[in-house]
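Notes follow the structure.
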Amino acid sequence: WWAVGEYQENADPSKPDSFVPSAADVHDNDQKYDFGTFYASKTFRDPKGNRQVLFGWTNYHCDGTNWAGIQTFPRTVASDPEDG
């Protein structure tokens, strides 16, 4: 799921930062950005491209190997300002 809200960094490193979502329930069905076996997603900010980039893992088995997952291709993530 994804959530839009306000992140506030605490200047005191011994205290946690806070995040307050804009929506009452951050698990509405319209907030899923992927379906299937996509998991353990991470994002990072690309300042040069002025974009947020997302990647994660997906289940995948390749015969003759002992691994069962693969990192996904990165993709750009954006929200529509008209959609609140």
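No hydrogens, no waters, no symmetry mates; every other heavy atom, side chains included, goes into these values. What you see is a predicted model, and the numbers here were worked out from it, not measured in a lab.
Side-chain contact check for Asn50 versus Arg45: some heavy-atom pair is nearer than 4.5 Å.
A side-chain donor-acceptor contact under 3.5 Å links Asp17 to the backbone of Asn10. Thr43 places no side-chain N or O within donor-acceptor distance of the main-chain N or O of Gln52, the cut-off being under 3.5 Å.
Residue Asn59 holds its CG atom at 11.5 Å from CD1 of Ile70, rounded to the nearest 0.5 Å. Atom CD of Glu9 sits about 14.5 Å away from atom CZ of Phe19, to the nearest 0.5 Å.
Residues Thr58 and Thr37 bring a donor and an acceptor atom of their side chains to less than 3.5 Å of each other.
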Candidate pair Tyr7 and Ser18, rule side-chain contact (heavy atoms from CB on, under 4.5 Å), full reasoning: CA-CA 6 Å; Tyr7 174 80; Ser18 66; over 6 Å; no
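Within a 6.0 Å sphere centred on OH of Tyr39, other residues, nucleotides and ligands contribute more than 12 heavy atoms.
Partner of Phe55 under the side chain to side chain contact (heavy atoms under 4.5 Å, CB included) criterion, out of Phe73, Phe44, Phe38: Phe44 alone.
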